Amino acid sequence: AFASIQRALREARAGDVILVMDGRYQSTEAEGLCVVDIPGSPAAWIVIRACPGYKPLIVNYGWNAFKIIPKAAYIELRGLTITGNRANVKLAEATADGPLTIKDGKPYWGDPLFNGNGITVDGRKSPSPELKPHHIRAIGNFVFDNCGGGLALIEGDYLTVEGNLVHNNAHYMRYGGSGISTLDSVNFDNSPEHKIFFVGNTVHHNRTFVPWAQIGKISDGNGIIADVNIQKKDPEKTYRGRTLISNNVVYGNGGGGIVVTTSRAVDIVHNTVYDNVQSPELADQGWGDIFIGGPKPGSNDVRVLNNIVVSRNSVGPFIFHSSTGILAENNLFSGGTKEKI
């Protein structure tokens, strides 16, 4: 047995299962608790999971509880309880820190105590496209009270987020986080099939109370968002696979329940979505419980099928703008005053 998950990962090889036993695993470095940069293989995934019958607690005071970076592939996180620093943060302190870009004469990107994510997949520093993270699964985890996003998946492919409970994240970060998000998904291969899956999750009360520093306003705090897989500046890099968002229960979030922004080939199917757009700033802008759009030309090829969506009075259950190829069939929409279908 090893004292830390990071040490176990240093010893791990393809096919190994790291069983995390009871205890409090707390980050001591600003980067966070655990950086994953090793590959499994298609027939031999590396699994980090709670030991059966045990309930370890992972507490993040850094930028990420788990950060999955270039070279990582065929990695699974299962049955873990991952919590953050939300209970120890004061809104006024986080708000004051949010716009600072220089501190002590140096570039400043924020205090990790206000911005820490639960699980991050981040391929942005990959030296080559083929080394970006791919084939990553997060299954049956509890991810809550992180000041940053719950699960933030950036520049990866073949991503599965299934059966997780994700709540009360993103309250104090300066980067406009959400409960579950993808951003700038990349093409591990050229398959047009479903490759990103958000399935069977319960996602609630994720919200931002600190303005997104880039625009100086409250934004996001969504339940689930597929964000920017259309690359307008370099169309060859536009994501070719499909994203499936299905059988989730999404409620009480500050932004939209399910949001698609500047993205293509997304299927929103069999979800229950209600009482979102709790942030008055976003309600005033007309966000919906299912909200599809982005700067022109917005999103396209989005299918909204067989969902139950109940809206608060000030917003609509289903709103889209600046988008094309939107198909909505067999949904039950209720409530709101700004419905557009």
Side-chain angles (χ1 to χ4, degrees), residues 117 119-124 132-134 136-138 149-162 164 166 169-170 175-188 191-201 203 206 219-232 237-250 253-271 273 276-277 282 287-295 297-305 307 309 318-328:
N117 303 298
I119 298 171
T120 300
V121 174
D122 191 349
R124 288 175 292 184
K132 290 184 182 291
H134 60 88
I136 310 295
R137 298 192 295 230
L151 295 97
L153 315 176
I154 307 168
E155 293 195 15
D157 196 8
Y158 285 98
L159 307 171
T160 297
V161 179
E162 181 177 352
N164 301 279
V166 183
N169 300 289
Y175 294 107
S178 293
I180 301 173
S181 62
T182 54
L183 177 66
D184 292 333
S185 299
V186 298
N187 295 297
F188 174 72
S191 172
E193 303 300 321
H194 287 102
K195 298 195 291 177
I196 296 177
F197 300 87
F198 298 152
V199 178
N201 303 286
V203 188
N206 304 281
S219 184
D220 291 271
N222 309 293
I224 299 172
I225 177 171
D227 199 1
V228 189
N229 71 25
I230 297 172
Q231 303 300 333
K232 292 183 284 188
K237 293 184 178 179
T238 289
Y239 188 60
R240 300 184 185 96
R242 298 196 72 88
T243 297
L244 177 64
I245 304 173
S246 73
N247 294 96
N248 302 284
V249 178
V250 188
N253 297 283
I258 297 175
V259 176
V260 179
T261 301
T262 316
S263 292
R264 63 168 298 277
V266 180
D267 298 317
I268 302 170
V269 183
H270 295 301
N271 300 281
V273 185
N276 295 285
V277 199
L282 304 182
W287 286 43
D289 279 74
I290 294 180
F291 186 49
I292 300 168
S299 299
N300 66 70
D301 187 12
V302 179
R303 300 185 291 215
V304 182
L305 308 172
N307 301 282
V309 189
F318 175 44
I319 296 174
F320 69 88
H321 68 90
S322 307
S323 298
T324 58
I326 309 299
L327 174 65

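Given the structure is predicted, the values throughout are model-derived calculations rather than measurements.
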Should the pair Arg242-Asp301 be classified as a salt bridge under the 4.0 Å nitrogen-to-oxygen rule?
yes
Could you grab the distance from atom CZ of Arg303 to atom CD1 of Ile326, nearest 0.5 Å is fine?
11.5 Å
Is there a donor-acceptor pair closer than 3.5 Å between any side-chain N or O of Asn229 and the backbone N or O of Arg264?
yes
Check: Asn222/Asn253 side-chain N/O donor and acceptor closer than 3.5 Å:
no
How far does CG of Asp267 sit from CD1 of Ile196, to the nearest 0.5 angstrom?
12.0 Å
Is there a donor-acceptor pair under 3.5 Å between the side chain of Asn247 and the backbone N or O of Val199?
no
Under 3.5 Å donor-acceptor, Asn187 side chain and Arg240 backbone:
yes
Looking at Asn271 and Asn307, would you say the former's side chain and the latter's main chain have a donor-acceptor pair under 3.5 Å?
no
Where the side chain of Asn164 meets the backbone of Ala138, is there a donor-acceptor pair that is under 3.5 Å apart?
yes
Nearest 0.5 Å, what's the CD1-CD1 distance between Ile290 and Ile245?
9.0 Å
Working to the nearest 0.5 angstrom, can you tell me the gap between Phe198 CZ and Leu153 CG?
5.5 Å
Decide side chain to side chain contact (heavy atoms under 4.5 Å, CB included) for Asp184 and Lys237; before the verdict, give the C-alpha distance in whole Å, the side-chain angles of both, and the deciding distance to 0.1 Å.
CA-CA 9 Å; Asp184 292 333; Lys237 293 184 178 179; over 6 Å; no
Evaluate His321 against Phe291 for side chain to side chain contact (heavy atoms under 4.5 Å, CB included), listing each step before the verdict.
CA-CA 9 Å; His321 68 90; Phe291 186 49; 3.9 Å; yes
Check whether any side-chain N or O of Ser323 sits under 3.5 Å from a backbone N or O of Ser299 as a donor-acceptor pair, and report yes or no.
yes
Quick check: does any side chain N or O of Thr261 sit under 3.5 Å from a backbone N or O of Gly293, one acting as donor and the other as acceptor?
no
Quick one: does Asp227's side chain have a donor or acceptor within less than 3.5 Å of a partner on Ser181's backbone?
no
Rounded distance (nearest 0.5 Å) linking atom CG of Asn300 with atom OG of Ser322
12.5 Å
What's the spacing between Leu159 CG and His134 NE2 if we round to 0.5 Å?
10.5 Å
Do the side chains of Asp157 and Lys132 get close enough for a salt bridge, i.e. N-O under 4.0 angstrom?
no
Non-hydrogen atoms of Asn276 and Val250 that approach each other most closely:
ND2-O, 3.3 Å
Test side-chain contact (heavy atoms from CB on, under 4.5 Å) applied to Ser178 and Asn169, Asp220, Leu151, the passing residue:
Asp220
List the steps, then state whether side chain to side chain contact (heavy atoms under 4.5 Å, CB included) holds for Phe320 with Val302.
CA-CA 10 Å; Phe320 69 88; Val302 179; over 6 Å; no
Ile258, Asp289, Ile292, Ile268 screened by side-chain contact (heavy atoms from CB on, under 4.5 Å) with Phe318, the one that passes:
Ile292
Pick one: which of Leu183, Val186, Asp122, Thr182 meets side-chain contact (heavy atoms from CB on, under 4.5 Å) with Glu155?
Val186
Please work out which of the three classes, parallel, tilted or perpendicular, describes the rings of Phe188 and Tyr158, given edges at 30° and 60°.
perpendicular
Thr238 side chain to Ile230 main-chain N or O, any donor-acceptor pair under 3.5 Å?
no
